[in-house]
Amino acid sequence: MDAQSPSRSPLTVLIVALLLAMLGGCEQPSRLEQIRDEGVLRVVTRNTPTTYYQDRHGDTGLEYELAKRFAEGLGVRLEITTTPTLDALYSLLGTPDGPHIAAAGLTINPEREGQVRFAKPYLETTPQVVYRRGNRQPRDLTDLYGKRIMVIKGSTLADQLRQLQQEHPDLVFEESDNVEVVDLLRLVNDNEIDHALVYSNELVVNQAFYPAVRVGFDLDSPRPMAWVLPEEDDDTLLVEIEAFFDRIKSDGTLDQLIERFYGHSDVLDYVGARAFARHMQQRLPRFETHFRQAADQYALDWRLLAAMAYQESLWDPDARSPTGVRGLMMLTLPTAKFVGVTNRIDPQQSIFGGARYLVWVRDQLSTDIPEPDRTWFALAAYNVGLGHLDDARMLTRKNGRDPDRWIDVKDHLPLLSKKQWYTQTRYGYARGGEPVHYVQNIRRYYEILQWVTQPHAESGQLPEGQYHTPGILEQLPQGI
């Protein structure tokens, strides 16, 4: 016999083939297949205004809305958990039965490579050094020497500072896992620390609560934000996530969500924020009951009505404009008559009349417009009129944009003040920039009122014992 392998009988070949087939059938399903088989996508996040929190409708936040859409695309249920610290979040990834994804406003951190994997970036944010208004503005790292600086433990910013210390040994900072961004801003606002490091998207959402906080300088160029996955060989979930973000970028969904959570965040300056906080304490309690009653009657959020009234009159029931509109909701005589208001400076009548008119305006809008855009359209029409809003939507459609999305229509409302454009419309000239500012301001006031009157915690879960009591601002930031 030669040294070649012995020939295999047909029976042997058949048995081997069957064994291989059986072994092939025992292969583990991919990560994506496991998620679909289990029917649940487990996501870990942070409880912050930029990621995940609760409002009167339930769970919300940019990261929550993204994760919800991703889970819906997979045809599975979304299961959200939060962790009190970033280190705990990263540690939880990859544990048995742990989360599949961390969607928590995290920037790509080279120091975490080997521990986790980052998906394709979906947003950029700039690391910034903040200080308190009235103190000396820091302009570079040398201005931070000898100062009390704080950063969130386990964050990319903490890792950046450690790297910078190699060239700047006099740069000293504290890391804390007992704080979130809102805590850091409060500490700076109240002069308890000199500086904090935060990201620009987190600052812009929270700055109205801490109006004394200012940007000293950008620590670095913009950094990419991404979802995070456990370190593993299976790429199926990663590929699906990246296809999801490609899809929502191309169809405009991502831009719309970013506008929803960030598009109104920079409308309050220091003076405006101080005045709003003062008026919440001194004026709003007089009318809160009326706002709540009107909201109950017309199925609205009382804080939206209160935000409208502040934009209209600064909660001054005797307010009067040069054009003759009057009262808390600044109703014109024809509008007051239309909604049955006989005394425009009577706070209760004005609030109920304004609520009634807002609902009527909203009911005239196309049912194709989804919420929350439908509410923003109604506010714009409350300000500029349904006719001009229709003109702006027509221009939006004509320019290849979506007339049912506020992010698109708000770009076209200002065109109504330009002859080149308003001559193409039915109702002609309008000061189209005004309703844009009107809506953005109301959204900002509304967001603040939601935040200070809703149950929320600055980190971790939302235990019942930490709910904010109904009413107005027992906990305004100091120093404003």
Side-chain angles (χ1 to χ4, degrees), residues 28-84 86 88-108 116-123 201 205 224-262 370-373 405 407 456-457 459-462:
Q28 289 292 323
S30 70
R31 177 64 66 193
L32 190 59
E33 289 170 337
Q34 290 175 18
I35 291 170
R36 285 182 166 138
D37 290 344
E38 293 174 9
V40 61
L41 176 72
R42 295 188 295 275
V43 174
V44 62
T45 188
R46 302 153 64 201
N47 179 217
T48 75
T50 56
T51 53
Y52 166 72
Y53 62 97
Q54 292 181 337
D55 66 9
R56 75 185 185 106
H57 300 293
D59 295 340
T60 189
L62 177 60
E63 296 288 2
Y64 170 78
E65 295 294 340
L66 289 169
K68 182 177 70 171
R69 283 162 174 75
F70 182 61
E72 288 171 350
L74 296 180
V76 300
R77 176 175 58 87
L78 176 64
E79 181 179 288
I80 290 279
T81 59
T82 62
T83 59
L86 285 174
L89 181 148
Y90 281 109
S91 297
L92 198 58
L93 282 173
T95 58
D97 299 322
H100 302 115
I101 299 168
L106 302 171
T107 55
I108 294 178
V116 296
R117 292 193 299 173
F118 292 90
K120 181 181 294 186
Y122 59 92
L123 190 63
N201 65 309
V205 166
M225 291 169 54
W227 282 1
V228 186
L229 291 79
E231 180 62 52
E232 59 183 359
D233 294 332
D234 190 321
D235 289 334
T236 54
L237 180 57
L238 179 65
V239 169
E240 192 72 16
I241 288 171
E242 296 188 343
F244 164 73
F245 277 106
D246 286 341
R247 186 165 59 252
I248 64 172
K249 283 179 182 178
S250 64
D251 68 14
T253 300
L254 181 60
D255 284 341
Q256 189 170 16
L257 286 172
I258 291 171
E259 194 281 333
R260 173 177 167 186
F261 290 101
Y262 295 122
E371 289 290 359
D373 296 67
R405 301 199 319 171
I407 189 175
H456 66 279
S459 62
Q461 297 284 357
L462 300 173

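Predicted model only: the values in this text are computed from it and were never measured.
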- Would you say the side chains of Gln256 and Asp373 form a donor-acceptor pair under 3.5 Å? yes
- Message: Counting C-beta onward and ignoring hydrogens, is there a side-chain heavy-atom pair between Ile35 and His100 closer than 4.5 Å?
- Response: yes
- For Ala226 and Ala119 the tightest heavy-atom approach is CB-O, 3.3 Å
- Run the salt-bridge test on Glu72 and Lys68 with the 4.0 Å N-O cut-off and return the result as yes or no. no
- Item | Non-neighbouring partners of Glu33 that pass salt bridge (Lys or Arg N to Asp or Glu O under 4.0 Å), sequence neighbours left out | none
- Message: Looking at every non-hydrogen atom in both residues, tell me the closest pair between Thr83 and Val44 and how far apart they are.
- Response: CG2-CG2, 3.7 Å
- Message: With heavy-atom distances below 4.5 Å as the criterion, would you say the side chains of Tyr52 and Arg46 are in contact?
- Response: no
- Any side-chain heavy-atom pair of Asn201 and Tyr262 under 4.5 Å: yes
- Query: Hey, mind stepping through Leu32 and Asp234 against side chain to side chain contact (heavy atoms under 4.5 Å, CB included) and telling me if it holds?
  - Reply: CA-CA 9 Å; Leu32 190 59; Asp234 190 321; over 6 Å; no
- Query: Where do Leu78 and Leu41 land on the side chain to side chain contact (heavy atoms under 4.5 Å, CB included) test, with the steps shown first?
  - Reply: CA-CA 5 Å; Leu78 176 64; Leu41 176 72; 4.3 Å; yes
- What's the spacing between Leu254 CG and Glu65 CD if we round to 0.5 Å? 12.5 Å
- Minimum heavy-atom distance between Leu93 and Pro99, given as atom pair plus value: CD2-O, 3.8 Å
- Message: Do Leu62 and Leu257 have side chains that approach each other closer than 4.5 Å (heavy atoms only, starting at C-beta)?
- Response: yes
- Measuring from Gln28:CD to Gln34:CD, what's the distance to the nearest 0.5 Å? 6.5 Å
- Rounded to the nearest 0.5 Å, what separation is found between the CG atom of Leu123 and the OG1 atom of Thr107? 11.0 Å
Give every donor-acceptor pair under 3.5 Å between a side-chain atom in residues 238-248 and any protein atom, sequence neighbours left out.
| residue | atom | partner | partner atom | Å |
| --- | --- | --- | --- | --- |
| Glu242 | OE2 | Lys120 | N | 3.2 |
| Asp246 | OD1 | Lys120 | NZ | 3.0 |
| Asp246 | OD2 | Lys120 | NZ | 3.2 |

- Message: Walk me through whether Met225 and Leu106 qualify under side chain to side chain contact (heavy atoms under 4.5 Å, CB included).
- Response: CA-CA 5 Å; Met225 291 169 54; Leu106 302 171; over 6 Å; no
- Is the distance between the ring centroids of Phe70 and Trp227 under 6.0 Å? yes
- Item | Non-hydrogen side-chain atoms of Ile101 and Val228 separated by less than 4.5 Å | no
- Task: Measure the shortest side-chain to side-chain distance between Thr51 and Tyr64 over non-hydrogen atoms and say whether it is less than 4.5 angstrom.
- Result: no
- Task: Could I get the full list of side-chain contact (heavy atoms from CB on, under 4.5 Å) partners for Glu231, not counting sequence neighbours?
- Result: Arg117
- Query: Considering all heavy atoms of both residues, which atom of Ala104 and which atom of Thr45 are nearest to each other, and what is their separation?
  - Reply: CA-OG1, 3.6 Å
- Task: Check step by step if side chain to side chain contact (heavy atoms under 4.5 Å, CB included) holds for Thr81 and Val43.
- Result: CA-CA 6 Å; Thr81 59; Val43 174; over 6 Å; no
